There are 2 protein chains.
Amino acid sequence: MTESEAEARGARPAARGRPRSAAADRAIVEAVLRLLERGVGVDALSMEGIAREAGVGKATVYRRWSGKDALLLDVMRTLEEPPDEVRGESVRDDLVDILERLRQRGLAKRNSAILRAMTSHFHSHPRLWQEYHDTVIRARRDLLHSVLRRGMARGEIRADLDVELLGELFIGPMLSRALLRAWAELPEGLAERIVDGVLEGARPRE
Amino acid sequence: MTESEAEARGARPAARGRPRSAAADRAIVEAVLRLLERGVGVDALSMEGIAREAGVGKATVYRRWSGKDALLLDVMRTLEEPPDEVRGESVRDDLVDILERLRQRGLAKRNSAILRAMTSHFHSHPRLWQEYHDTVIRARRDLLHSVLRRGMARGEIRADLDVELLGELFIGPMLSRALLRAWAELPEGLAERIVDGVLEGARPRE
DNA sequence: GTGATACGAGACGGTTCCGTATCGGAAAGT
DNA sequence: ACTTTCCGATACGGAACCGTCTCGTATCAC
C-alpha cells in the first residue's frame, strides 16, 4: 500500500481529476527491485535513477513518496508473501519443504540480492531492516519453529535443545551456501542433504 | 602492501626526496575500515570522505592508489591474518576452537560489517569479492575442512557426507545468527552449543 | 465541454564527489 | 645550502543527484 492509497481512503472519497496510474506504482516498485537485484546497494540508489529505470518522471515518484526512505519501506512491504503451510506429515518432510522453498524462492536471484542489501545496511538503516525482517523473515522463522516444536512433542526432534538454535542449524547451512558461495547455484537436493545431515548428526551412529 | 611500496622495490632504490609517510598509509586504510564498520557501504564510500576521515589530503590518497577500486583491493589484503593452528587433540575441541574464533573475531563488529559489505557487492564488484574471499575466507575454510577430514579418518565424523556440506553445517548456524540477528551479540558458549548440536544431530539418539 | 489532477520530460539552483593542479611548508638525500 | 619529493589544504571544472517547479498533454468527474 502506497502512502497515496492510504491517504485516499481518508475523508475524501471524491477523486476529481485524473486518477493516479496503478501501472506507475508497479513500475516504480519493480524498478527498485530490479536495481537492488542488479547489486546497486541501498545508498547508491537514486531517485533519479529509479525514475529512469521505471520510465517515469521524477515528479511521479515524489507525488507518491516523500523520499527514498519512504519508498524503500513500501517496497519492503510488497515483499510480503506468507509462506505456504506445511503438509504436516513427517517432521523431516516438513523441514525439507521449508528448506526447499528457501532454496527455490527465498534465496533465488532477486530475493537473495535484497537480503544481502538489507543485511549490509541494517546498521545505517535500522528502520528499513526492521521492516524487511518483520515482513520477510519473521513468518518463515515462526513456521520453522512451530514445525520443530511439533517434532519435539512427537519425539522426532531432541527436546533438550533451544528451538532458536535448532532452527539455525537447519537454516544456517543454506544461508551460508547462498551468501559465501556467491555465484554458485543452490543445487537440487541440497535441502534434503542438509535436513538429513542435521537430523542424523555429524558423528557416526552405531 | 601499497602500490607505492611495490613500485619502490623496482629499479629505483634511490629514494631522493621526502619519503612517504607510513603513518598516512595506515591512517587511510584504517579510515576505510572505520567507514565500512560504520555501515557506509562500498559504493557510498568516497575518496573525499576517506581522506577527511583519515585526516589527510586527497592528493595523499591519489599519490598511493589510482582510485577507489585499487584502494579497496589493498584494504582487503591487509585483512590477511592466517588462522591459528588448531590444537589437534579431539576433533570436537578443534571444531569448537574454530567456531569460537569465528565468534570472537571473524564475526565481531568490524569484520562482520566488512563481510556484509562484501557479500552485498559481490555481483557489482566481483574482483573485490574475489580478493576478500581469497584473503579472508579461503584459509579458514581450508583449516575447517582439514579438521573434518582428520575426524573422518579417525572415525569421529561420518565419512558418508561431503566435506563441503559438513563444513557448512558447522559454519552456517554461526553465520545465520550473526547476519540475521543483526544487532544481537553472539553469546558466549554458542560455539560449543552449535558443535555439539551438529555432532549429535537433531534427532534423539537412544 | 469544463475543471481538476496526473502524466513524462526536463529546467533549475544547490550540494557532493570526482580527479587534477597548485600552494607554502616539511623532511629526506647530496 | 640546495634539490627533490611528500605533506595538508584547497581551488578547479565537470558530473550526478537532490527536491521543486513548469511545461504541454492525457484522463478522469461533472
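Note that this is a predicted model, so its numbers are computed, not measured. These numbers come from the heavy atoms of this one structure, side chains and all, not from hydrogens, waters or symmetry mates. Reminder, nothing fancy here: chain letters follow the sequence lines and each chain counts from 1.
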* How would nucleotides 14-26 of chain C be written as a contact map, 5' to 3', with B for base contact, S for sugar-phosphate-only contact and - for no contact, using protein heavy atoms under 4.0 Å? -> ---BBBB----BB
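- Taking 4.0 angstrom as the limit, B/Arg16 places none of its side-chain polar atoms (N or O) nearer than this to OP1 or OP2 of C/dG29.
- Taking the six-membered ring where the residue is Trp, A/His121 and A/His125 present perpendicular rings, their angle passing 60° and hence far from 30°.
- The minimum heavy-atom distance linking A/Asp94 with A/Gly88 is given by the pair OD1-N, 3.0 Å.
- In this model, the phosphate group of D/dT4 is not approached by any side-chain N or O of B/Arg20 to a distance below 4.0 Å at OP1 or OP2.
- Side-chain contact between B/Leu45 and B/Leu36 is present, with at least one heavy-atom pair separated by less than 4.5 Å.
- When rounded to the nearest whole Å, the span between CG of A/Asp43 and C1' of D/dC18 equals 15 Å.
- In this model, the phosphate group of D/dC6 is not approached by any side-chain N or O of B/Ser21 to a distance below 4.0 Å at OP1 or OP2.
- Across the protein-nucleic acid pair, A/Ile50 atom CD1 and D/dA16 atom C1' stand 14 Å apart, rounded to whole Å.
- Residue order along DNA chain D, read from the 5' end via each residue's closest nucleotide, puts B/Gly17 first among B/Ala24 and B/Gly17.
- Of the candidates C/dA28, D/dC28, C/dA6, the closest approach to any side-chain atom of A/Pro19 belongs to D/dC28.
- Ion pairing between A/Glu200 and B/Arg158 fails under the 4.0 Å rule for side-chain N and carboxylate O.
- Comment: B/Arg20 does not engage B/Asp25 in a salt bridge, judged by the lack of any side-chain N to carboxylate O separation of less than 4.0 angstrom.
- Of the candidates B/Ile171, B/Val198, B/Leu144, B/Leu161, B/Leu161 is the only one forming a side chain to side chain contact (heavy atoms under 4.5 Å, CB included) with B/Leu166.
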